[in-house]
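Since the structure is predicted, the reported quantities are computational estimates derived from the model, not experimental observations.
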Amino acid sequence: RAWGASNRNRGCICRRGDGSLRRSLLLVDSKFRNMIKLSPARLDILTATTRGDTLPRSEVLMEGKPTGKFVEGLVLEAAFRTKAGQLLVLTTYDVPFEELLKIQLLSEKLELLDSALLGAAYNTGSLKYLGVEQPDTVRFRFIGDADWTIEVFAERLFRLPWLGDPKYVSRPLGFSKLFGVQAHSKL
């Protein structure tokens, strides 16, 4: 899983649920103007945990120190700080042939503000970074040979549950969102 051919990419080590370690790549790109990448020294995840039937969670580490805050997912794929100071965290669950991408927007205090899940049963996802576009927008490839974008909004926007999100995107029940996920080619 490479974010690109740049030799400026740096890896971080993340712990799987079984205790083994796995290398994950974080994005380093000179194109960032409004959204800033976070290096492995600034943000990482560790100590995967599960609770019954819930999806695995990992503790957030800031500058190598445990925070007591958790995000869903086992592998930190990328993390970005928005111009408003929020953290956009992309994680996966390390499930071969049925990978899911968890998109989580966290406050500066690492509290969950919004989330979405990208993926579906029997669909293989492989994350490939394509670039940063307009302010607070990231473009990548994941499933369906589609280019996907995540745009972080300056304020909450109204949404209707079960309407408005593209195929493969699911969100918790709610009437607002702080980021939008869009597909830009045929699925």
Side-chain angles (χ1 to χ4, degrees), residues 1-4 6 9 12 14 24-39 42-45 55 58 60 71-93 99-108 110-120 123-187:
R1 293 183 187 189
W3 282 100
S6 171
N9 288 340
C12 67
C14 300
S24 176
L25 295 178
L26 282 178
L27 173 65
V28 178
D29 193 315
S30 61
K31 296 179 187 176
F32 285 101
R33 291 184 181 93
N34 294 302
M35 219 179 220
I36 303 169
K37 67 86 191 164
L38 295 177
S39 69
R42 296 281 315 195
L43 181 90
D44 203 351
I45 60 175
L55 292 170
S58 298
V60 176
V71 293
E72 285 188 22
L74 291 176
V75 179
L76 177 64
E77 297 290 349
F80 306 92
R81 185 175 302 279
T82 67
K83 63 184 175 185
Q86 301 159 327
L87 297 174
L88 181 66
V89 179
L90 306 178
T91 59
T92 55
Y93 295 95
E99 191 64 89
L100 300 171
L101 179 68
K102 185 69 174 188
I103 305 162
Q104 300 165 92
L105 185 64
L106 307 176
S107 70
E108 291 180 40
L110 303 178
E111 296 167 347
L112 183 65
L113 299 173
D114 197 1
S115 67
L117 190 64
L118 176 57
N123 281 295
T124 302
S126 179
L127 196 60
K128 180 182 177 189
Y129 169 72
L130 295 178
V132 172
E133 297 182 341
Q134 51 193 299
D136 291 336
T137 302
V138 176
R139 180 178 289 267
F140 61 95
R141 273 212 178 119
F142 188 61
I143 59 173
D145 288 329
D147 288 358
W148 294 86
T149 57
I150 302 169
E151 179 182 0
V152 179
F153 306 127
E155 58 188 38
R156 286 194 178 272
L157 299 181
F158 176 76
R159 76 174 179 94
L160 291 173
W162 307 292
L163 297 175
D165 284 318
K167 184 178 179 181
Y168 303 123
V169 176
S170 61
R171 291 178 178 266
L173 184 62
F175 292 96
S176 65
K177 62 183 178 180
L178 278 169
F179 65 83
V181 181
Q182 295 296 319
H184 296 281
S185 61
K186 189 175 181 177
L187 293 177

Once you round to the nearest 0.5 Å, how far does CZ of F142 lie from CG of L101? 5.0 Å
For the residue pair D147 and R141, establish whether any side-chain heavy-atom pair is separated by less than 4.5 Å. yes
Would you indicate whether the side-chain heavy atoms of E151 and Q182 approach each other to under 4.5 Å? no
Smallest separation among heavy atoms of G174 and P161, with atom names: O-CG, 3.3 Å
Evaluate L106 against L112 for side chain to side chain contact (heavy atoms under 4.5 Å, CB included), listing each step before the verdict. CA-CA 5 Å; L106 307 176; L112 183 65; 3.9 Å; yes
Gap separating the NZ atom of K177 from the CZ atom of R156, nearest 0.5 angstrom: 12.0 Å
Is there a side chain to side chain contact (heavy atoms under 4.5 Å, CB included) between F175 and R159 once you walk through the steps? CA-CA 5 Å; F175 292 96; R159 76 174 179 94; 5.5 Å; no
Taking the side chain as every heavy atom from C-beta outward, state whether Y168 and V181 have any pair of such atoms under 4.5 Å apart. no
Enter the distance from Y93:OH to L74:CG here, rounded to the nearest 0.5 Å. 8.5 Å
Where is the tightest heavy-atom contact between A183 and P166, given as atom of each residue plus distance? N-CG, 4.1 Å
To the closest 0.5 Å, what do you measure between CH2 (W148) and CG (L118)? 4.5 Å
Salt-bridge test for R171 and D114: reply yes if a basic N is under 4.0 Å from a carboxylate O, no otherwise. yes
Pairwise side-chain contact, D136 with F80, heavy-atom cut-off 4.5 Å (strictly under): no
dist T91:OG1 -> I103:CD1 (nearest 0.5 Å) comes out at 9.0 Å
Is the side chain of Q104 donor-acceptor paired with the backbone N or O of E72 at a distance under 3.5 Å, no angle test? yes
Mind checking the CG-CG spacing from D165 to L117? Nearest 0.5 Å is all I need. 11.5 Å
Taking side chain as C-beta onward, heavy atoms only, is I150 less than 4.5 Å from F140? yes
